[in-house]
Amino acid sequence: MIDPKILRQSASEVARMLERRGFEFDADGYNKLESKRKSLQIKNEELKNQRNISSKNIGIAKSKNEDILSLMQIVEEVNKNIKVNEKQLNETLAKINSIELDLPNLLSEEVPDGVDEQDNLIVSTYGTPKKFDFKPLDHIEIGNRLDSLDFESAGRISGSRFAVMKGSLASLQRALIQFMLNTHIQEHEYEEVYAPLLVQANALIGTSQLPKFESDLFKIEGDKPLYLIPTAEVPLTNLVAGKVIDERALPLKYVAHTPCFRSEAGSYGKDTKGLIRQHQFEKVELVQIVKPEESKDALMSLTSHAEKILRELKLPYQVVSLCAGDIGFGAKITYDLEVWLPGQDAYREISSCSLFGDFQARRMQAKWKNSKTGKNEFLHTINGSGLAAGRALVAIIENYQDESGNVIVPDVLIPYMNGLKIIKSS
RNA sequence: GGAGAGCUGGCUGAGUGGUCGAAAGCGCUCCCCUGCUAAGGGAGUAUGGGUUAAUAGCCCAUCGAGGGUUCGAAUCCCUCGCUCUCCGCCA
């Protein structure tokens, strides 16, 4: 959520800044609602003040055995007015709140202009795509030859966009996850977290998947509906929801491996084949909760932690700064890591690292006590994949394939594969 | 799933309809006193919102959450959540 104070003071300026995203914000409409809110609220508080005074006087009069009838009549009248006024106030507040919840975050200045992924800015590249002296296969074909990737069974069991992995590829994914977790825990000092995969709407409002993007989520119906998490960002970030964190405990750094569930309703026709876009996938997620002045550095360090995994795996990648039109709803700035996939002859997103400023913290009411000001202030949140395991598996299969359709196990994963160095096709 | 107890400020804990945002203690901050890291004295010490130049006043709201009764609710009623104890069931 954007700071309501900023919205009140300069709605049209906010509208101009959101235009960069291609988002249209009706500043005039907002201002009208806002001035309505103001007058209603002032009136409401005046009326309540009257009632409080009169009620107090009734108590005093009663204790002195004085007549209270006339006072009672006054209050009765005031109460009628409160009822009418409060209804209007609440309606206005609800409208304002729903507008504010649907407003995307303000962008950092360094976010490049642009309307879609075409305009994203390549910040840096690491490694160079390997030249194969044979035509590299895509992971679907290799998986098929290894008899380890089975989309057909998954289709029969669950429908499209699900996968069954067997044998060595299933192990390889598990090895990847273990390797990533250990690296982040031991080298990057994140705390490992095991968290719920089913969450309430409130948590999703906190991290800003709701109310706007409900169609991307899988919902479990019930008297209290639950949602399958689309990313561990949701439970990890919500760890601080409603809390005031002691300054000395900051920064908080959490890592978790979870399955992620996305209905991806809006992306029919995109990546319909293979492991790239699934309803269910494994991901290792990094979250940092920090003081505002440290948040930019935290984004850089978190991004470097995700990069470390790609480097250790010796996978070529590029770092991309998402342009204004492509950046996510709640993010101020986002760096995507795109890994080279020989099977697609293209770089594809494998991690997305974002700084949210106080956007999520404000929704979650997550604060810290600033010892300098003595005030409780909103935290800043950062998250990123470190990495998406399913896509990392694809990258390894495709980058580490040999002419015979075998997959070489990257050095750093061999210990996690019980010493296995090569996954051989039969 | 069943039965019972509870949920008050940073903490402990009082408060069962009226000037209670809330006693007292602890902790913390500042000041005074004291020649020695002790003891004592005083003042202050929740959060959000509105108004405002103001982190000055004033006002509104908040005693797990949400409703209700009442002129008036921390106190009474209802619903929900959570914690603890006992029983059942279960990985």
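Just so it is clear, the structure is predicted and the values come from calculations on it, not from any experiment. Just so it is clear: chains get the letters A, B, ... in the order the sequence lines come, proteins before strands, and each one is counted from 1.
When A:His305, A:His184, A:Lys253 are each tested for a side-chain hydrogen bond (donor to acceptor under 3.5 Å, both in side chains) with A:Tyr190, only one passes: A:His305.
As rounded to the nearest Å, B:rU83 and B:rU29 have C1' atoms that lie 33 Å from one another. Comparing the P positions of B:rA61 and B:rA22 gives a spacing of 14 Å, expressed to the nearest Å. On the C1' atoms, B:rG13 is 14 Å away from B:rG6, given to the nearest whole Å. Rounded to whole Å, the P atom of B:rA46 lies 11 Å from the corresponding atom of B:rA23. Spacing of C1' atoms, B:rG10 relative to B:rC63, comes out at 16 Å, to the nearest Å. Only the C1' atoms considered, B:rU62 is 12 Å distant from B:rU8, to the nearest whole Å. Going from the C1' atom of B:rC71 to that of B:rC87 covers 48 Å, rounded to whole Å. The separation of B:rA24 from B:rC77, taken at their P atoms, amounts to 29 Å, rounded to a whole angstrom.
No donor-acceptor distance shorter than 3.5 angstrom exists from the side chain of A:Ser351 to the backbone of A:Glu307, with no hydrogens or angles considered. Formation of a donor-acceptor pair under 3.5 Å by the A:Arg161 side chain with backbone atoms of A:Arg277 is found in this model. Of the possible polar contacts, one joining the A:Gln401 side chain to the A:Glu398 backbone as a donor-acceptor pair under 3.5 Å is found. Not one N or O on the side chain of A:Arg348 forms a donor-acceptor pair closer than 3.5 Å with the backbone of A:Glu338.
Atom C1' of nucleotide B:rG10 and atom CD1 of A:Ile245 are separated by 14 Å, given to the nearest angstrom. Protein atom CG of A:Asn370 is 16 Å distant from nucleotide atom P of B:rU55, rounded to whole Å. Going from atom CD of A:Glu100 over to atom P of B:rG49 covers 12 Å, rounded to whole Å. In this structure, NZ of A:Lys5 is placed 10 Å from P of B:rA54, rounded to the nearest angstrom. As rounded to whole Å, 14 Å separates atom C1' of B:rC82 from atom NZ of A:Lys243. With rounding to whole Å, A:Lys83 atom NZ is found 11 Å from B:rG68 atom C1'. Rounded to an integer number of Å, the gap from A:Asp246 CG to B:rC28 C1' is 13 Å. In this structure, CG of A:Leu40 is placed 15 Å from C1' of B:rG49, rounded to the nearest angstrom.
Within the structure, every side-chain polar atom (N or O) of A:Lys375 is placed at least 4.0 Å from both OP1 and OP2 of B:rU55. Between A:Lys56 and the phosphate of B:rC71, there is no side-chain N or O to OP1/OP2 separation shorter than 4.0 Å.
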Between protein and nucleotides 59-62 of chain B, what N or O pairs are separated by less than 3.5 Å?
from, atom 1, to, atom 2, distance (Å)
B:rC59, O3', A:Asn49, ND2, 2.7
B:rC60, OP1, A:Asn49, ND2, 2.7
B:rC60, OP1, A:Asn52, ND2, 3.0
B:rA61, OP2, A:Asn52, ND2, 3.3

Quick one: which protein N/O atoms are closer than 3.5 Å to N/O atoms of nucleotides 63-67 of chain B? Pair and distance per line, please.
none

- Query: What dot-bracket string describes RNA chain B from 5' to 3', counting Watson-Crick and G-U wobble pairs whose defining distances are under 3.5 Å, with [ ] for crossing pairs and | for pairs to another strand?
  - Reply: ((((((((.[[[..)..(.....]]]((((((.......))))))((((((.....)))))).[[[[[..)....]]]]])))))))....
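Of the candidates B:rG49, B:rU47, B:rG72, B:rG49 carries the atom nearest the A:Gln41 side chain, counting heavy atoms from C-beta on. If you check B:rU47, B:rC71, B:rU52 against the side chain of A:Asn79, the one that comes closest is B:rC71. Among the nucleotides B:rU47, B:rG49, B:rC71, the one closest to any side-chain atom of A:Lys62 is B:rC71.
Ion pair A:Glu141/A:Arg145 flagged as a salt bridge, since at least one NZ, NE, NH1 or NH2 atom sits closer than 4.0 Å to an Asp/Glu carboxylate oxygen. Classification of A:Asp113 and A:Arg20 as a salt-bridged pair holds, one side-chain N sitting under 4.0 Å from a carboxylate O. The residues A:Glu312 and A:Lys308 are annotated as salt-bridged, a charged nitrogen and a carboxylate oxygen being separated by less than 4.0 angstrom.
When heavy atoms are screened at a 4.0 angstrom cut-off, A:Lys367 is found touching the sugar-phosphate backbone but no base atom.
Both A:Ile58 and A:Glu377 lie near RNA chain B, and the one whose nearest nucleotide falls closer to the 5' end is A:Glu377.
Under the side-chain contact (heavy atoms from CB on, under 4.5 Å) criterion, A:Pro225 pairs with A:Lys219, not counting sequence neighbours. Residues that satisfy the side chain to side chain donor-acceptor pair (under 3.5 Å) test with A:Thr231, not counting sequence neighbours, are A:Lys283. Listed by chain and residue number, A:Met1, A:Asp3, A:Pro4, A:Asp358, A:Phe378 satisfy the side-chain contact (heavy atoms from CB on, under 4.5 Å) test with A:Arg362 (two or more places apart in sequence, or in another chain).
The distance between the ring centers of A:His279 and A:Phe218 falls below 6.0 angstrom. Between A:Phe23 and A:Phe329, the ring centre distance reaches or exceeds 6.0 Å.
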